Protein chains: 2
Amino acid sequence: MVMLRAEEAAMSTFRQLPPDKQERVLDAALAEFADQGYHAASLNRLVAQAGIAKGSLYQYFPNKEGIFRHIFQFALSRVQRRLTTVKEGTLEEGFFVRLEKSLLAGVGFLREHPRIFSLYLKIQFDQNVPCREEFLAAVRRHAAEYFGSLVRRAKARGELRPGVPEAAVLFLLDALFDRFLQAVAVPSLDVTLGLYQAPEEVIRRRVRELLQLLKEGLAA
Amino acid sequence: MVMLRAEEAAMSTFRQLPPDKQERVLDAALAEFADQGYHAASLNRLVAQAGIAKGSLYQYFPNKEGIFRHIFQFALSRVQRRLTTVKEGTLEEGFFVRLEKSLLAGVGFLREHPRIFSLYLKIQFDQNVPCREEFLAAVRRHAAEYFGSLVRRAKARGELRPGVPEAAVLFLLDALFDRFLQAVAVPSLDVTLGLYQAPEEVIRRRVRELLQLLKEGLAA
DNA sequence: TCTCAACATGACCATCTGGTCATACCAAAA
DNA sequence: TTTTGGTATGACCAGATGGTCATGTTGAGA
């Protein structure tokens, strides 16, 4: 999507604002989009919450979609930073330990930034969000790169059963991790594990159980 | 939630309509809610699509939420019917075969009723849908009962590795199946498997690969 | 002190929403 | 023919929305 001159100017105005004001606007926008979803998000509420005038908003951003894009980019950069940290911090560990630490880091991130996760869910399942395809593709690419890197290293070190189809392993990991985080964040999405806002200790036990199942399989 | 007299009267008016008209309204409502989500759904579009007057809608249903409830119940009953059929039709098969047939039946249902699945996704991830908790709980209960029944039978027949935690198995199955169906239905939700609108034969191969992973595990 | 451009402001606009209601219609009964 | 009860209708309502714009305010350079 091409950005017009006027939009660039507006964005640069925003970036030159006093940091605390920028933060107020960012926080209010994230809260509004994460809680309400794109369409239900109200710019009137947003400006009220941020303590700025409505006109000002349109001096910072070209329109509603522009605000939304900015919030998404902001959120994605936070996730990316955290993932990189975990990956580099566990380079020498075994595959299943790395998976365990990754999932626990995910839970930690989700608890520190519940609204970022909520925003992600909204984008994933509201078909009428603008730029949905583009945003989802970005998230999936990051996830695939992350798991792919772990799996390749595990293969190189001989930790995986020979002949397992890599694509299927990536899919299984993505599915399980995503759903685990969802179950921690969303009540009544969890069948049986009692993860919603569960204490740290329960989370750790469940993570280990699940990874054990992945490792050893279900069959007798 | 209690239903008032007036609401009952309205509903019975709807049920006495000529079947083709009922169907037109139901189709239009399902399409509107599934495509737009609860809030973005427009009753003006709905009545235009169904070919009835706006006032008529309020002779059939008490309000927007009432229409939504009716659509949900309708959709759930369809799913339930299909699940029962599969369960009873595979009673004597092995655990992993039953899982395979269940997942393929899910894909079949999703392709026959894409809007029912879309409605389900909307309910799951839009926090501002009325009755969300109630509806999600109903869906989860059905899923848990279904998988639970399969797993208990598998245990009784000694098909599962002794000591596997049943709750974790249910969670893993629920996560994998749900995500698999989502990947078939939603583009750019699939990391690496190429499931979106894939031909029957690809689906079958992927299902077998994944169930094989579950069965035998990942570790060397 | 005056000027001027950047920014702040909130009343205002067209448009859409869910929901209402006076009116019209129509079959069956009287 | 008249009455009656259920149903169909769409103009209409208050309220909310995203977006605009004329008017203020401010602060640095002359």
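The sequence lines fix the lettering, A, B, ..., with proteins before strands; numbering per chain opens at 1. What you are looking at is a predicted structure, and each value in this text was computed from that prediction instead of being measured.
Between B:R205 and B:E209 there is no salt bridge, since no side-chain nitrogen of the basic residue lies less than 4.0 Å from a carboxylate oxygen of the acidic one. Under the 4.0 Å criterion applied to side-chain N and carboxylate O atoms, A:K122 and A:D35 are not assigned as salt-bridge partners. Ionic pairing of B:R82 and B:E112 is present here: one or more N-O contacts between side-chain nitrogen and carboxylate oxygen are shorter than 4.0 angstrom. Under 4.0 Å is where a charged nitrogen must lie from a carboxylate oxygen, and between B:D190 and A:R140 no such pair does.
Atom pair A:E32:CD and D:dG18:P shows a separation of 8 Å (rounding to whole Å applied). Whole-Å rounding puts the B:K21 NZ to D:dT9 C1' distance at 11 Å. Rounded to an integer number of Å, the gap from B:F61 CZ to C:dT20 P is 16 Å. In this structure, CG of A:L57 is placed 13 Å from C1' of C:dG10, rounded to the nearest angstrom. Rounded to whole Å, the distance from CD on A:Q59 to P on D:dG19 is 15 Å. What separates CZ of A:F68 from C1' of D:dG18 is a distance of 16 Å, to the nearest Å. Across the protein-nucleic acid pair, A:Q36 atom CD and C:dT17 atom P stand 18 Å apart, rounded to whole Å. Atom CG in A:L46 sits roughly 16 Å away from atom C1' in D:dA16 (whole-Å rounding).
Using a 4.0 Å heavy-atom criterion, one finds that A:S42 contacts the sugar-phosphate atoms exclusively. A:K54 comes within 4.0 angstrom of a base, heavy atoms only. A:A41 comes within 4.0 angstrom of sugar-phosphate atoms only, judged by non-hydrogen atoms across all strands, and of no base.
In this structure, of C:dG18, C:dA8, D:dA8, it is C:dG18 that holds the atom nearest to the side chain of B:K64. Nearest nucleotide to the side chain of A:L43, out of D:dG19, D:dT9, C:dA8: D:dG19.
Taking five base pairs at each end of the helix from C:dT1-D:dA30 to C:dA30-D:dT1 and finding the rotation axis that steps the C1' atoms of four pairs onto the next four gives two axes whose angle is 30°, to the nearest 10°.
Mapping A:G55 and A:Y38 onto DNA chain D by nearest heavy atom places A:Y38 closer to the 5' end of the strand.
Look at B:T13 and you'll find a side-chain N or O under 4.0 angstrom from OP1 or OP2 of D:dT7. For C:dC7, the OP1/OP2 oxygens have no side-chain nitrogen or oxygen of A:Y60 closer than 4.0 Å. Phosphate proximity of C:dG18 to B:N63: absent, as no side-chain N or O sits under 4.0 Å from OP1 or OP2. Within the structure, every side-chain polar atom (N or O) of B:Y58 is placed at least 4.0 Å from both OP1 and OP2 of D:dT7.
A:L189 and B:Q124 make their closest contact through CD1-NE2, 3.0 Å (heavy atoms, listed as atom of the first residue, atom of the second, distance).
Side-chain contact between A:F180 and A:R206: present, with at least one pair of heavy atoms (C-beta onward) separated by less than 4.5 Å.
Using cut-offs of 30° and 60° for the angle between ring planes, the B:F147 and B:F177 rings count as perpendicular.
A donor-acceptor distance shorter than 3.5 angstrom exists from the side chain of B:T90 to the backbone of B:V86, with no hydrogens or angles considered.
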